[in-house]
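Heavy-atom basis, side chains included; hydrogens, waters and symmetry copies ignored. For reference, positions follow the sequence shown, starting with 1. Counting starts at 1 for both ligands and their atoms, in listed order. Because the structure is predicted, anything quoted here is derived from the model rather than measured.
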Amino acid sequence: MSVHNNEIVEIFSRVADLMEIKGENSFRVRAYREAARVIGDLSEQAAQMVEEGRDLTEYKGIGKDLAEKIREIVKTGHLTLLDSLEKEVPPSLLDLMKIPDIGPKKVAVMYRELGIKTMEDLKQALADGKISSVKGFGEKTEQKIFASISMPKKGSVPRMLWYDAEPSALAFKQYLGAIPHVDKVYLAGSFRRGKETVGDLDVLVVCEEGYEEAVMDAFVGFEEVHHVYEKGTTKSSVLLRNELQVDIRIVPLASYGAALHYFTGSKAHNLAIRKLAINKKVKVNEYGVYDGSKQIAGKTEEAVYAAVGLPYIEPELRENLGEIEAAKAGMLPALIERGDILGDLHMHTTRTDGRNSLAEMAQAAKALGYEYIAITEHSQKVSMAGGLNEKDLRDYMEVIDALGEEIDGIAVLKGIEVDILPDGGLDLPDSVLKELDIVIGSVHYQQRFPVKQQTNRIVKAMDNPYLQILGHPTGRLLNKRDPMDVDLEKIIAAAKEKNVALELNAQPDRLDLPHPYCKLAADTGVKIVVSTDAHSTENLKRMKNGITEARRGWLTKENVVNTRPLGKMLAMLRR
Ligand code: DGT
Ligand code: CA
Ligand code: CA
Ligand code: ZN
């Protein structure tokens with residue numbers, strides 16, 4: 001995979017920080033910061049430009065030397081300069097910079113004069129009262145550092161799963177909506193785009209003129225607010241108790257649509273829209289679309305898009321991954337919706353590691369309005385979860401059949417999530433697999449094979465004629481485990497050839513198949529199954545999260561197998 005602009009930004013920022021700590025020429029430090037900003041704002045990938053042999057110095061702020069550095073990063077994935085800086089300056093000093101009121105200069109002084117390298121060293125020095133004696137610090141600074149040492153610096157909190165952010169986002173929205181004189185509240189940013197994780201929550205509020213300050217007072221007074229980073233009349237920023245950072249902006253009604261568009265992002269989408277506007281000789285910003293000084297749109301998002309000649313684009317698509325070109329061509333997909341789903345094909349019960357019984361799962365699925373479900377326990381190899389061997393599975397198939405007879409209004413299918421073994425074989429014999437309605441194959445062990453071996457293993461598993469669905473294809477666990485090193489393009493091609501469907505696993509920390517590959521699969525003609533992998537009745541509701549990822553992957557109802565009624569669904573899977 002090629003180097004993304006964000007990685008270049010990250011490397012240059014680190015270089016600037018480390019140089020500053022080292023006390024290098026401030027002119028050089030500034031050059032790296034400026035270059036990081038320029039790369040962050042690019043509407044195209046620097047890696048692409050390098051590949052095409054284009055001259056990066058065409059951008060202001062990128063000189064010959066920096067262009068060469070970018071080329072090095074693109075070609076090698078790292079920067080020798082950074083490697084050597086990291087050897088000279090203890091990297092733990094960068095953690096100290098995350099403390100509010102401590103920048104690189106202060107870190108450098110504390111390091112040089114007191115030998116402070118880590119947070120522990122700093123706490124000790126504070127306890128010993130040594131900080132105030134350092135040149136340029138004083139009592140006040142010491143107190144400030146002491147007060148904020150427990151508070152993460154703005155922007156330094158880890159990204160939160162969308163799923164974990166949702167309850168406080170909704171509670172916050174409700175709280176704001178109930179404040180007197182507030183007319184509208186909207187959750188924008190990556191949260192609205194349905195991104196898997198959010199850096200912070202961006203909230204927009206429209207209120208009656210003259211009440212801005214009162215609204216801001218109420219905002220920072222929310223009981224979940226743990227720390228206020230900044231408070232102004234139109235913009236404030238806080239940290240909630242659950243570590244979610246929130247930016248709030250009060251915007252005028254006449255600019256509401258433009259502000260919603262701008263703060264929904266993504267930044268890459270916004271920059272591309274701005275470019276389009278320039279071609280049309282109009283200007284777009286967070287206040288509206290302007291022809292000269294005249295506002296020609298701004299009240300609604302639809303009007304903003306219309307002013308640049310586009311139909312409305314759904315927030316999930318706004319990543320500048322082709323949506324603007326598709327909109328121009330009238331080729332935007334009719335995105336799948338939660339209501340299109342007629343059944344769930346991946347779930348566990350108390351027979352292995354689920355928390356609810358077979359009957360409870362079936363009743364809960366029925367209550368969701370589903371027409372069918374598949375019970376897909378683990379196979380024997382997954383012993384930690386009490387996976388089933390052939391005999392256990394045959395016994396359970398009888399239990400499932402018996403329940404099917406008993407329960408009306410929902411079909412309960414017999415399935416398995418069979419483990420894909422290291423050599424690409426399956427963990428249960430064909431003789432039992434062929435008697436099942438639904439066979440999902442998943443990798444659970446040896447996820448760190450080199451890319452070729454991992455890819456071959458999975459492609460080989462798809463050679464088994466009974467495997468219908470490849471479960472959680474990358475194995476990623478957001479914020480916890482990287483995806484497997486696997487060539488998804490090859491896997492998608494093989495899935496097409498062998499008529500295997502790919503799962504989009506809806507668990508909020510999986511969302512696996514990731515959205516760019518959903519799009520590739522759909523373009524290739526590979527079908528997707530969106531399923532929850534539920535381990536409880538409550539988990540069945542996570543279908544919603546899978547649908548969001550599906551929408552981010554441009555999927556329509558057509559692309560997804562479990563939008564079909566039972567008979568058609570089964571006919572669509574390989575047999
Ligand atoms: P996050 O918070 O990292 O999950 O991602 P976002 O997309 O929510 O980013 P955030 O919170 O920094 O900013 C919210 C939106 O504001 C972003 O999606 C687009 C817009 N925005 C922020 N900075 C810029 C900028 O420098 N240029 C443009 N055109 N838009 C920006
Ligand atoms: Ca955000
Ligand atoms: Ca933000
Ligand atoms: Zn699994």
Whether [X] side chain and [Y] backbone form a donor-acceptor pair below 3.5 Å:
X      : Y      : answer
Gln468 : Val439 : yes
Gln454 : Val486 : no
Asp344 : Ser531 : no
Ser379 : Asp419 : yes

- request: May I ask which of Lys267, Arg159, Arg318 has a heavy atom nearer to atom 25 (C) of ligand 1 than the others do?
  value: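 Among Lys267, Arg159, Arg318, the closest heavy atom to atom 25 (C) of ligand 1 belongs to Lys267.
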query: Can you tell which of Ala165, Ser190, Ala272 gets a heavy atom nearest to atom 6 (P) of ligand 1?
result: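 The option holding the nearest heavy atom is Ser190.
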query: Is atom 22 (C) of ligand 1 less than 4.0 angstrom from some protein heavy atom?
result: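 No, because not a single protein heavy atom sits under 4.0 Å from atom 22 (C) of ligand 1.
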query: Is there at least one protein heavy-atom neighbour under 4.0 Å from atom 12 (O) of ligand 1?
result: no
- prompt: Between Thr264 and Arg193, is a side-chain contact (heavy atoms from CB on, under 4.5 Å) present by the stated rule, with each step listed?
  reply: CA-CA 7 Å; Thr264 295; Arg193 301 199 311 281; 3.9 Å; yes
Would you name the N/O/S atom of [X] that lies closest to the Ca ion (ligand 3)?
X      : answer
Asp200 : OD2
Asp247 : OD2
Asp202 : OD1

What's the shortest distance from [atom] to any protein heavy atom, and which residue and atom give it?
atom                    : result
atom 20 (C) of ligand 1 : Tyr262 O, 3.2 Å
atom 15 (C) of ligand 1 : Phe263 O, 3.4 Å
atom 9 (O) of ligand 1  : Asp202 OD2, 4.7 Å
atom 18 (O) of ligand 1 : Gly265 CA, 3.2 Å

query: How does Thr264 reach ligand 1, if at all, at less than 4.0 Å between non-hydrogen atoms: by side chain, backbone, both, or neither?
result: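 The answer is the backbone.
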- prompt: Are the aromatic rings of Tyr517 and His515 close, with centres under 6.0 Å apart?
  reply: no
- prompt: Does the gap between the ring centers of Phe219 and Phe172 come in under 6.0 Å?
  reply: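 Centroid separation for Phe219 and Phe172: below 6.0 Å.
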- line: Closest non-hydrogen contact found for Ser168 with Asn242 is OG-ND2, 2.8 Å
Without placing hydrogens or testing angles, list every side-chain donor-acceptor pair under 3.5 Å for residues 275-284, not counting sequence neighbours.
| from | atom 1 | to | atom 2 | distance (Å) |
| --- | --- | --- | --- | --- |
| Lys275 | NZ | Ser43 | OG | 3.3 |

Per-atom contacts of ligand 1 with [X], taking only distances under 4.0 Å to non-hydrogen atoms:
X      : result
Gly189 : 8 (O)
Arg274 : 29 (N)
Arg193 : 7 (O), 18 (O)

field: Polar protein atoms near the Zn ion (ligand 4) [N, O or S; cut-off under 2.8 Å]
entry: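 Checking every protein N, O and S atom gives Glu417 OE2, His444 NE2, His472 NE2.
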message: Run the ring pair (Phe, Tyr, Trp, His ring centres under 6.0 Å) test on His535 and His346 for me, step by step, so that the C-alpha distance in whole Å, both residues' side-chain angles and the decisive distance to 0.1 Å come before the verdict.
response: CA-CA 10 Å; His535 285 66; His346 186 168; 7.7 Å; no
query: Honestly, is Arg37 close enough over Tyr59, meaning NZ or CZ under 6.0 Å from the six-membered ring centre and within 45° of the axis?
result: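 Because its charged atom misses either the 6.0 Å distance or the 45° angle limit, Arg37 does not stack over Tyr59.
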